[in-house]
There are 2 protein chains.
Amino acid sequence: MEGSAPRRTRIQQEKRELILEAALEVFSANGFRGSTIDQIAEAAGMSKPNLLYYFRRKEDIHETLMQRLLDTWLAPLKELDDIGDPMTELRSYIRRKLEMARDFPRESRLFANEILQGAPRIMPMLEGELKTLVDEKAAVIKGWMRAGKIARTDPWHLIFAIWATTQHYADFDVQVRAVLGPDRGGDGRFEDAARFLEQLFLDGLKPKA
Amino acid sequence: MEGSAPRRTRIQQEKRELILEAALEVFSANGFRGSTIDQIAEAAGMSKPNLLYYFRRKEDIHETLMQRLLDTWLAPLKELDDIGDPMTELRSYIRRKLEMARDFPRESRLFANEILQGAPRIMPMLEGELKTLVDEKAAVIKGWMRAGKIARTDPWHLIFAIWATTQHYADFDVQVRAVLGPDRGGDGRFEDAARFLEQLFLDGLKPKA
DNA sequence: GCAAATTTTGACCGATTGGACAAACGTTAG
DNA sequence: CTAACGTTTGTCCAATCGGTCAAAATTTGC
């Protein structure tokens, strides 16, 4: 579809990175329609026409941002591997997803914003690439269940649950911090969350008999 | 704070309801800044100036909507009761939250939008009313743990996990449906989710020894 | 050092936005 | 019937939006 990547000068590469970084900040906080080119330009320390020299339309920025995001976002799931102990694999997947919520909350919110609005710009990817990947990993998980390595349950909803619980700490961060309060809502909240999630996914809530 | 409710004519009551219903539709799909008064007016079947006769500012609509939402939204948690079997109480709380995600997805998305944007309009409620309620219920859950009725873990993060997993089916609905595909993504997905979540929260993933 | 290419800027444009306002219309009580 | 009140509409406005354009400033290749 797309021709070879356009050759770019040093300045173009640098400025484009600067703009994308600023746009990530603005888009993730206000959504696409809630963000203005002026805001992004100011955050990037340049004038609006100057920004438009590097990205001709507001949508181009968002699209570029989204494309980059998706690769890094799906990487942890891609790494979920058939070899290795199933329980360990799942645990490290959960841990990695939680680390991403901690280290890349803006990316998580950008993605959440897009999905919330009905995913108008990435629908084909959801139905194509993402579905394929999830189906593939669901098959792997099903294999583990058949082998008696983990309890039998629905692999798709299991993946949803891991996404939901981990991304919650990025997308609903303000609520999490507000509820936990200044003491428990500090930096340690991610370690508390990690401990809790590990227990939840492994043992559930039933008291040890 | 607020004086007695202003007396309203029959027409005012009806039209205000009509506007709020339309606004819920529009706001939940596009966010606050992404929605226009014209869109809401059209969805409500009236002209923009006419709408502004009932709500003088766009923010007033959103505020009214948010106030109503919060009551119904927190109702299930309020019902979590100390009397009754702990495991049953938690299970029915999860089921009720999932039903709300199924029956009131627009309300869930409206709330999610607000939190995603940093909760500028409901921050005091999060730190006040919500935190108080959650702390109170966390204490109840802690009591159950001390009594050996459920496994010992962090009650706050347990509540977060229930919120995250259930609301996921409303907020990320398009993604869920896209990944499940046309077959498994039909109406039955909520029953599948209910079964899965029940197993997850009760037994976790460890295979039965 | 200089010409060509690239980058930056200020001024500007049409479209859309939230909202104001007065006039017109409808309803209702006496 | 009619005066008072409640409702609806068309028109208008200032601000903001995404985006253009030509000219100025700067960088780059030779």
Side-chain angles (χ1 to χ4, degrees), chain A residues 3-66 110 113-114 117 120-121, chain B residues 3-66 110 113-114 117 120-121:
Chain A
S4 58
R7 61 181 75 164
R8 298 209 173 93
T9 68
R10 175 186 53 88
I11 293 185
Q12 270 172 357
Q13 286 185 18
E14 291 174 3
K15 292 295 171 84
R16 281 175 65 93
E17 288 307 315
L18 225 142
I19 292 168
L20 289 172
E21 158 65 25
L24 175 59
E25 188 74 27
V26 176
F27 279 143
S28 67
N30 307 106
F32 181 76
R33 295 203 56 188
S35 305
T36 72
I37 301 183
D38 279 299
Q39 284 177 334
I40 301 173
E42 196 195 331
M46 64 179 71
S47 66
K48 178 169 68 169
N50 196 9
L51 180 149
L52 286 167
Y53 170 72
Y54 293 102
F55 292 90
R56 290 168 65 190
R57 294 180 308 150
K58 182 184 172 186
E59 275 210 55
D60 292 348
I61 311 176
H62 191 264
E63 196 184 313
T64 306
L65 220 43
M66 205 59 83
L110 181 67
N113 254 308
E114 178 69 10
Q117 320 273 310
R121 295 165 237 276
Chain B
S4 58
R7 62 180 76 165
R8 299 207 173 96
T9 68
R10 176 185 53 89
I11 293 186
Q12 270 173 356
Q13 286 184 18
E14 289 173 3
K15 292 294 171 88
R16 281 175 65 94
E17 288 307 317
L18 225 141
I19 292 169
L20 289 172
E21 159 65 25
L24 175 59
E25 188 74 26
V26 175
F27 278 144
S28 66
N30 307 108
F32 180 76
R33 295 203 55 188
S35 306
T36 72
I37 301 184
D38 279 300
Q39 285 177 335
I40 301 173
E42 195 195 331
M46 64 179 71
S47 66
K48 180 168 70 168
N50 195 9
L51 182 149
L52 285 168
Y53 170 72
Y54 294 102
F55 290 90
R56 290 169 65 188
R57 293 179 310 150
K58 183 184 171 186
E59 274 210 52
D60 291 348
I61 311 176
H62 191 265
E63 196 184 312
T64 306
L65 220 43
M66 204 60 82
L110 182 67
N113 253 308
E114 177 70 10
Q117 320 272 307
R121 295 165 236 276

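Since the model is a prediction, treat every value here as computed from it, not as a measurement.
In this structure a side-chain-to-backbone donor-acceptor pair under 3.5 Å is missing from A:Glu25 to A:Ala43. Using modelled atom types, one side-chain atom of A:Gln39 and one backbone atom of A:Thr36 make a donor-acceptor pair closer than 3.5 Å. In terms of modelled atom types and a separation under 3.5 Å, the side chain of A:Lys15 and the main chain of A:Leu51 share no donor-acceptor contact.
Atom CE of A:Met46 and atom P of D:dT26 are 16 Å apart (whole Å). To the nearest angstrom, C1' of D:dT7 lies 8 Å from NZ of B:Lys15. One can place CD of A:Gln12 at 13 Å from C1' of D:dT28, the figure rounded to the nearest angstrom. Rounded to a whole Å, the CD1 atom of B:Ile19 is 12 Å from the C1' atom of D:dT8. Per the geometry, CD belonging to B:Glu14 stands 16 Å off P belonging to D:dG6, to the nearest Å. Nucleotide C:dA22 holds its C1' atom 15 Å from the OH atom of B:Tyr53, rounded to whole Å. A straight line from CD1 of B:Ile61 to C1' of C:dG18 spans 11 Å, rounded to a whole angstrom. For the pair B:Phe55 CZ and D:dT7 P, the computed distance is 13 Å after rounding to whole Å.
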Handout entry: Summary of protein contacts for nucleotides 14-23 of chain D, nucleotide by nucleotide, where a base hit scores B, a sugar-phosphate-only hit scores S (4.0 Å, heavy atoms)
Key = ---SBBBB--
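A sub-4.0 Å separation between OP1 or OP2 of D:dT9 and a side-chain N or O of B:Ser47 is present. Contact between the side-chain N/O atoms of A:Asn50 and the OP1/OP2 oxygens of C:dT7 is not found at any separation under 4.0 Å.
Figure legend: A:Arg33 and B:Phe32 shown without cation-pi pairing, the cationic atom not lying both under 6.0 angstrom from the six-membered ring centre and within 45 degrees of its axis.
Salt-bridge check for A:Arg57 with A:Glu63: failed, with every basic side-chain N at 4.0 Å or more from each acidic carboxylate O.
Within 6.0 Å of atom CD in B:Glu42, 12 or fewer heavy atoms from other residues, nucleotides or ligands are found, so the atom counts as exposed in its surroundings.
B:Tyr54 comes within 4.0 angstrom of the backbone, heavy atoms only, and of no base.
You'll find the side chain of B:Pro120 reaches within 4.5 Å of the side chain of B:Glu114, heavy atoms only.
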